[in-house]
Each structure stands twice: as structure tokens, then as C-alpha cells.
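Notes follow once the structure below has been shown.
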Amino acid sequence: MQLGMIGLGKMGANMRERLRKAGHEVVGFDLNPDVRDVDSLEAMVEALDAPRVVWVMVPHGEPTQQTVDHLGELLDEGDLVIEGGNSHFTDDIKHHAELAGKGIGYVDCGVSGGIWGITEGYGLMCGGQTEWVEKAMPIFDALRPEGPREEGWVHAGDVGSGHYAKMVHNGIEYGLMHAYAEGFELLTAKDEVRDVKGVFQAWTRGTVVRSWLLDLMVKALDETPGLEGISEYTTDSGEGRWTLIEGIENAVPMPVLSAALFARFASRQENSPAMQAVAALRGEFGGHAVQMLDEEAPQVHHGAEPKHDEGAARPGAGADSAGDAADAGPTSGSGDTDGSGGDSAADAGPSSGSGDTDGDTDGSNGDSNAGPQG
């Protein structure tokens with residue numbers, strides 16, 4: 001089967017390779033001339049036989065909107081656009097309406113798997129009309145993991161449901177990662193525990209907490225024992241926020257996700273204003289010693305002793321970090337989205353990537369510029 005692929009970053013390039021190994025013909029376009037197969041979207045469309053299928057793997061927001069707009073001008077009735085980045089589900093509804101008026105199909109597909117997907121396969125969550133989903137099944141079957149289709153692919157429902165499912169997936173991912181992280185810190189805090197990495201490894205078989213994320217935790221501790229030198233500064237790609245907002249809108253309590261998300265916010269603070277206020281209030285109502293930044297104060301409990309950071313100094317949460325994170329697009333798999341706020345396709349155009357897609361393990365958008373060109 002033929003496929004046009006727009007956005008050849010970390011995930012897009014790997015997906016192209018996996019599809020080619022499965023025998024499909026992929027014509028890829030990216031702003032980076034070193035990775036693309038053709039020099040323009042027009043050339044990509046011309047290289048495909050009608051009816052065409054084009055997969056968009058670019059940062060959400062304006063880059064995706066520009067790409068869909070351009071494809072709407074180039075494609076014909078009966079062609080299909082698959083949006084595989086991490087767009088907000090409401091954007092999918094808009095894109096579908098825009099293309100449907102021209103007889104062009106639209107399927108949104110949440111993609112998980114990050115940099116490992118090329119060998120392990122990608123978890124796929126699709127939304128859209130059945131006729132369009134079935135048209136692309138050979139592509140989905142080549143990308144998904146081996147085994148029963150229903151264990152690596154789902155037609156979640158109507159347009160937008162695929163990205164909605166991926167959004168919730170990433171929200172769950174936040175909570176799972178933070179649970180392992182809290183366990184790691186408690187194990188390292190206890191002197192009697194001599195082999196923290198061994199404990200995690202012992203959990204990887206036969207226990208109820210075993211998972212691929214746990215395997216990756218063991219891998220990380222193999223590569224960097226004790227995680228020495230790693231800064232605690234952690235970005236969020238956006239989907240955790242979207243998931244939490246949806247929880248509020250639907251009155252679904254999500255304390256685990258909210259705690260994990262807020263912990264990431266706290267990791268960017270050089271000195272927490274909230275905890276400064278708590279310290280000041282304790283001094284006001286109880287006469288407790290208020291420790292200033294340039295002095296040490298006596299501790300009343302051994303558990304209150306300052307913890308010594310063996311890693312790099314924690315970056316502050318300036319406008320370039322915390323501010324940008326509020327606008328940053330979500331990723332699929334484990335990566336962050338960069339470049340989503342560009343003013344033009346050339347500045348922030350389509351790319352696939354596995355920035356933190358998150359996972360976050362997940363990663364679909366952010367490490368390559370591949371905006372549509374005329």
C-alpha cells in the first residue's frame with residue numbers, strides 16, 4: 001500500500017522504516033532535506049496514486065492546522081488524511097469538518113511507543129468513520145505490535161476519540177511514573193536497603209506492579225546507578241493538563257494525575273513561593289524558627305533534615321521553561337513537543353518526534369521542522 005508521511009522526526013522516521021519493512025511504499029516529506037524523500041507536499045501528493053492516504057505526524061496546533069489546510073487544497077475526493085500527532089480532540093472535529101466538505105476522509109490516531117515502536121510496534125487508538133478506518137487497516141496492522149489486533153489497536157469511536165484515548169493514556173502514564181518515582185525515593189532513604197536497583201529488578205517478574213515502565217526504570221538505574229547527576233527538572237508535554245481539565249469538566253476525581261502533574265510543576269521551582277509562605281506562617285502563629293536561604297536552622301525531627309542533592313543544580317522556572325510548558329504541545333510515547341508555537345510552518349512545521357512524545361514515554365511531535373511548503 002502507498003502512504004504519504006509528513007513529519008520525519010524521531011517517530012515519523014521510525015514509522016516510515018517499519019512500514020517499509022512490512023512492504024509498504026512510503027513517500028516522506030519533512031522540512032529537513034536530509035531525511036525527506038520529496039521536496040514539497042505537492043511532490044508527495046503527485047507521487048501517490050489516487051485514492052491517496054496521507055499520514056500527518058507533526059506538532060499539534062498551528063503546524064497541524066497549516067498542514068491540514070494545505071492538504072485540503074492538494075488532495076481529491078476519496079483521499080484520506082490520518083492525523084497521528086497529539087492534537088486536542090476538539091481540533092480533530094474541526095479538521096474533519098473542513099475536509100469532509102471536500103469529500104476527503106479524516107481519521108485521528110493516537111500513537112504510543114516512542115523510540116521503541118520501530119521494533120516493538122506502536123499502540124494505536126483511532127477515531128473516525130468506519131469506512132475510513134478500514135481503508136487504512138493495512139497501515140495500522142503494519143505499525144501495531146505483533147499479536148492479536150485488539151491488543152495493540154482500537155477503533156475507539158467517532159472523530160476525536162482516538163486522540164481523546166491517547167490523552168487519557170498519557171494521564172495514566174504520569175501517575176504510574178510518579179508512583180515508581182516515590183517508591184525509588186523511599187527505598188533510597190532507608191539505609192538498610194543496599195540494592196535499590198535490585199529491588200526494582202526483582203519486581204519485573206511475578207509481581208502485580210510489573211510493567212514496561214518498570215523495566216525502563218531498571219534500565220535507567222543500570223545506565224546511571226542512583227541517578228546521580230540527573231536534574232529533577234521535569235517538563236510536561238500538555239496531555240496531562242488536558243486530561244485533568246477533562247476530569248474537572250466531567251466531574252471525575254483524578255487525585256493521582258493531579259499530584260503527579262503538580263509535582264512536575266514543583267520540580268521547576270528553584271525555591272517554592274508556596275512553601276516560603278508556609279514557613280513564614282509557622283513563624284507568625286507559632287514562633288517557629290524561619291530558616292533563611294543563607295542560614296541553617298535547628299531541626300526538630302531527623303526526618304526534617306535537609307536532603308542533599310547529588311545532581312545538578314535545579315534550574316529556575318523562568319519564562320523559557322515554565323511559561324513555554326503551558327503552551328507546549330503534548331507528545332506521544334515519551335517525548336515533549338517543541339516548536340508548537342511557531343509563527344509559520346517553516347518555524348514550527350510538522351515533525352514527528354519522541355520528545356519526552358512520555359512519556360512521557362510517549363512521543364510524537366517535536367524534534368524536526370517539516371512544515372508544509374508550497
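At a threshold of 4.5 Å between side-chain heavy atoms, the hydrophobic network of Ile, Leu, Val, Met, Phe, Trp and Tyr places L257 and F265 in one connected group.
Taking 4.5 Å as the limit, some side-chain heavy atom of S112 sits within range of a side-chain heavy atom of H169. Annotation: side chain of W55 is in contact with side chain of M15 (closest heavy-atom distance under 4.5 Å). The closest side-chain heavy-atom distance from W116 to L216 is below 4.5 Å. Side-chain atoms of E83 and Y106, non-hydrogen and from C-beta on, do get closer than 4.5 Å to each other.
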In sequence, state the C-alpha distance, the side-chain angles, and the governing distance for E42 and H70, and then conclude on side chain to side chain donor-acceptor pair (under 3.5 Å). CA-CA 9 Å; E42 286 83 356; H70 201 167; 3.2 Å; yes
Give the C-alpha distance, both sets of side-chain angles, the deciding distance and a yes or no for side chain to side chain donor-acceptor pair (under 3.5 Å) between K166 and N170. CA-CA 6 Å; K166 178 56 166 50; N170 280 20; 3.1 Å; yes
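Using a 4.0 Å cut-off between charged nitrogen and carboxylate oxygen, D76 and R52 count as a salt-bridge pair. The pair K135-E131 does not meet the salt-bridge criterion, since no charged nitrogen lies less than 4.0 angstrom from a carboxylate oxygen. Between D236 and R268 there is a salt bridge, since at least one side-chain N of the basic residue sits less than 4.0 Å from a carboxylate O of the acidic one. The residues D37 and R16 are annotated as salt-bridged, a charged nitrogen and a carboxylate oxygen being separated by less than 4.0 angstrom.
Panel note: side chain H24, backbone M1; a donor-acceptor pair is recorded below 3.5 Å. Judged purely by atom type and a 3.5 angstrom limit, D91 has no side-chain atom pairing as donor or acceptor with the backbone of S87. The backbone N or O of G287 sits nowhere less than 3.5 Å from a side-chain atom of R282 that would complete a donor-acceptor pair. In this structure a side-chain-to-backbone donor-acceptor pair under 3.5 Å is present from R18 to R144. T224 places no side-chain N or O within donor-acceptor distance of the main-chain N or O of L221, the cut-off being under 3.5 Å. Distance alone, capped at 3.5 Å, places no donor-acceptor pair between the T234 side chain and the R264 backbone. One N or O on the side chain of Q2 and one on the backbone of D49 form a donor-acceptor pair closer than 3.5 Å. Between the side chain of H163 and the backbone N or O of G85 there is at least one donor-acceptor pair closer than 3.5 Å. For the pair R36 (side chain) and D30 (backbone), a donor-acceptor distance under 3.5 Å is present. Of the possible donor and acceptor atoms, none in the side chain of D92 sits under 3.5 Å from a partner among the backbone N and O of D108.
Counted within 6.0 Å of CD on E223, heavy atoms from surrounding residues, nucleotides or ligands total more than 12; the atom is thus considered enclosed. Within a 6.0 Å sphere centred on CD of E150, other residues, nucleotides and ligands contribute more than 12 heavy atoms.
Scanning all heavy atoms of the two residues, the minimum distance from R210 to Y180 falls at C-OH, 4.3 Å. Contact between C109 and C126 at its shortest, heavy atoms only, is SG-SG, 3.7 Å.
The side chain to side chain contact (heavy atoms under 4.5 Å, CB included) test with V54 singles out one residue from I104, I6, D79, and that residue is I6. No option in Q65, H60, Q66 other than Q66 meets the side-chain hydrogen bond (donor to acceptor under 3.5 Å, both in side chains) test with E62.
In this structure, CG in D34 is found 11.5 Å from CG in L8, a value given to the nearest 0.5 Å. Taking CE from M137 and CD from E134, the interatomic distance works out to 8.5 Å, rounded to the nearest 0.5 Å. Within the model, atoms CD of E182 and CG of L187 stand 12.0 Å from one another, a figure rounded to the nearest 0.5 Å. To the nearest 0.5 Å, the span separating CE on M254 from CD1 on I172 amounts to 7.0 Å. Note that CG of L80 and CD of Q129 are 10.5 Å apart. Values are rounded to the nearest 0.5 Å. Going from atom CZ of F184 over to atom CG of L227 covers 4.0 Å, rounded to the nearest 0.5 Å.
One side chain, E246 or Y164, offers a donor N or O that lies under 3.5 Å from an acceptor on the other.
Alongside V154, the hydrophobic cluster contains M125 (criterion: ILVMFWY side chains under 4.5 Å).
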